[in-house]
Amino acid sequence: MPQLIPLSMDSLLVIAAFCLSIFLLLARRQRTMRRRQANRILALQRKIDAALEDEAAIPSPRQQFSASLKEASLTTSLQRPRLDTMAKLSRQTPEKYRILAKLAAQGMDSGQIAAVLGISSVEAAQLLSLCHMAEISR
């Protein structure tokens, strides 16, 4: 049977100091690990909050469509007077074109019409083509 060696008080103090230092070292390491985990959780929480703020700033497709629809209706209402003016809906056809249509109805060709109206034969031919297309669409 092995004999127990009596330990002196100094040896017990050394062993106790060694155990205490190991315990303190492990406690410090655990505290450092918890602090790192807490910092990591806080950083992730900040990222999540930032992502949610960015997501809230982006309008939904329904909101985007509604905004573009409002913009389109506003643009149309602003352009309507200009389009009416350009189309000259309230005005009569210019006299030159009315005369051209009457001359074409009498059977004149583009050269004769050009001579009567004082325009080039190319312009008269183009105007005749437009006159014929207008008659077809009526």
To the nearest 0.5 Å, atom OG of Ser110 lies from atom CG of Leu117 at 11.5 Å
Q.
Does Arg98 form a side-chain contact (heavy atoms from CB on, under 4.5 Å) with Glu95? I'd like the steps, not just the answer.
A. CA-CA 5 Å; Arg98 282 185 280 140; Glu95 186 178 18; 3.7 Å; yes
In Leu44, Leu42, Asp49, the residue satisfying side chain to side chain contact (heavy atoms under 4.5 Å, CB included) with Arg46 is Leu42
The reported gap from CG in Leu13 to CG in Leu20 (rounded to nearest 0.5 angstrom) is 11.5 Å
In this structure, CE of Met133 is separated from CG of Leu128 (nearest 0.5 Å) by 11.0 Å
When rounded to the nearest 0.5 Å, the distance separating CD of Glu123 from NZ of Lys96 is 4.5 Å
Exercise. Measure the shortest side-chain to side-chain distance between Leu103 and Gln112 over non-hydrogen atoms and say whether it is less than 4.5 angstrom.
Key: no
When rounded to the nearest 0.5 Å, the distance separating CG of Leu24 from CZ of Arg28 is 10.0 Å
In terms of heavy-atom contacts, Leu100 and Ala124 come closest through CD1-O, 4.4 Å
All heavy atoms of Ile113 vs all of Ala104, minimum pair found to be CD1-N, 4.1 Å
In this structure, OG1 of Thr32 is separated from CD of Gln37 (nearest 0.5 Å) by 11.0 Å
